[in-house]
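Being a predicted model, the structure only gives us computed values, none of them experimental.
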Amino acid sequence: MRTRFINWLEANMGTCQFKELTGQICPGCGIQRAFILLLKGEILESILMYPALIPMIILFTFLAIHLKFRFEKGGKFLMYNFIIVAALILINYILKLF
Amino acid sequence: MENPTTPPIPPNPENINQQFNQQFATPPKQILPNSTAILVLGIVSIPVCFCYVLCGIPGLAVSIVSLVLANKAQRLYDENPALYTPASISNMKAGKICAIVGICLNILCLLVVIAYAIFFVSLAGSLGSGFPWR
């Protein structure tokens, strides 16, 4: 069941319109492959492919929980997490460009 | 000689406020308006940045909306700081910083897109000028 889902994801990956138009990578390139690697259990390869994926998953799940339960320090944690995600996206993009 | 009894205080809006202020030290706190929208829009501004063709434009729109709402909420908070719950204030502040970071990243992506566009237009122009005219 899990492998069927992973195979379906691999067969139906969305294309990057920016890459189609210009042939250059965009800041989000690699995120789908990294997600599939994470589902397969290869965490290190997933981090190498797209380091901001795991903090982004944490960000969105915590955002959903925080909107429901309204933690005291939730806003601050989300802000620091967001800054980490933004920094990782930027560093990853610059490293992949050069 | 008996002291004359003082007549009861007639109810009027000022006396009701006095009784209210005596019963509660502070008025009940309310949620800062739009604080969750500010937080959610600020956080969503980065994934939107690279999801579309023109990287940076939808993200810029989302983060600017978030910043405008955050400035309005900041003015409300400055007028009356004690009126709002601390959770909603921290949501608003976090969302404001997320919006600012989102704006910076989206502007960078937009600059990259514009640089590529200029590069490709100039490339197409130089190829066109080399075309042999009759």
Say whether [X] and [Y] are linked into one hydrophobic cluster, either directly or through other cluster members, by side-chain heavy-atom distances under 4.5 angstrom.
| X | Y | value |
| --- | --- | --- |
| A:I58 | A:L44 | no |
| B:L123 | B:V121 | no |
| A:L48 | A:F98 | no |
| B:I31 | A:L67 | no |
| A:I36 | A:I43 | yes |

For B:I114, is the CD1 atom crowded, meaning more than 12 foreign heavy atoms sit under 6.0 Å from it?
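It does: B:I114 CD1 has more than 12 such atoms within range.
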Does A:K96 NZ have over 12 foreign heavy atoms under 6.0 Å away?
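More than 12 heavy atoms, drawn from other residues, nucleotides or ligands, come within 6.0 Å of this atom.
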Neighbours of chain A found in residues 98-111 of chain B - heavy atoms under 4.5 Å
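Only B:C98, B:V101, B:G102, B:L105, B:L108, B:C109 of residues 98-111 of chain B have a heavy atom under 4.5 Å from chain A.
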Within this structure, what is the OG-CZ distance for the pair B:S88 and A:R70, rounded to the nearest 0.5 Å?
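Going from OG on B:S88 over to CZ on A:R70, the span is 8.5 Å.
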Sort by residue number and list every member of residues 77-95 of chain A having a non-hydrogen atom under 4.5 Å from chain B.
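Residues in range: A:L78, A:M79, A:F82, A:I83, A:A86, A:I89, A:L90, A:Y93.
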Could I get the full list of side chain to side chain donor-acceptor pair (under 3.5 Å) partners for B:S66, not counting sequence neighbours?
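B:S66: no side chain to side chain donor-acceptor pair (under 3.5 Å) contacts found.
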At a heavy-atom distance under 4.5 Å, which candidate from B:I43, B:I46, B:N91, B:L39 has the highest pair count against chain A?
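Going by pairs under 4.5 Å, I would pick B:I43.
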With B:Y116, which residues qualify under ring-ring contact (aromatic ring centres under 6.0 Å, His included), at least two apart?
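Applying ring-ring contact (aromatic ring centres under 6.0 Å, His included) to B:Y116 gives A:F18.
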Could you check which of A:L97, A:L63, A:I31 has the highest count of heavy-atom pairs closer than 4.5 Å to chain B?
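The candidate making the most pairs under 4.5 Å is A:L63.
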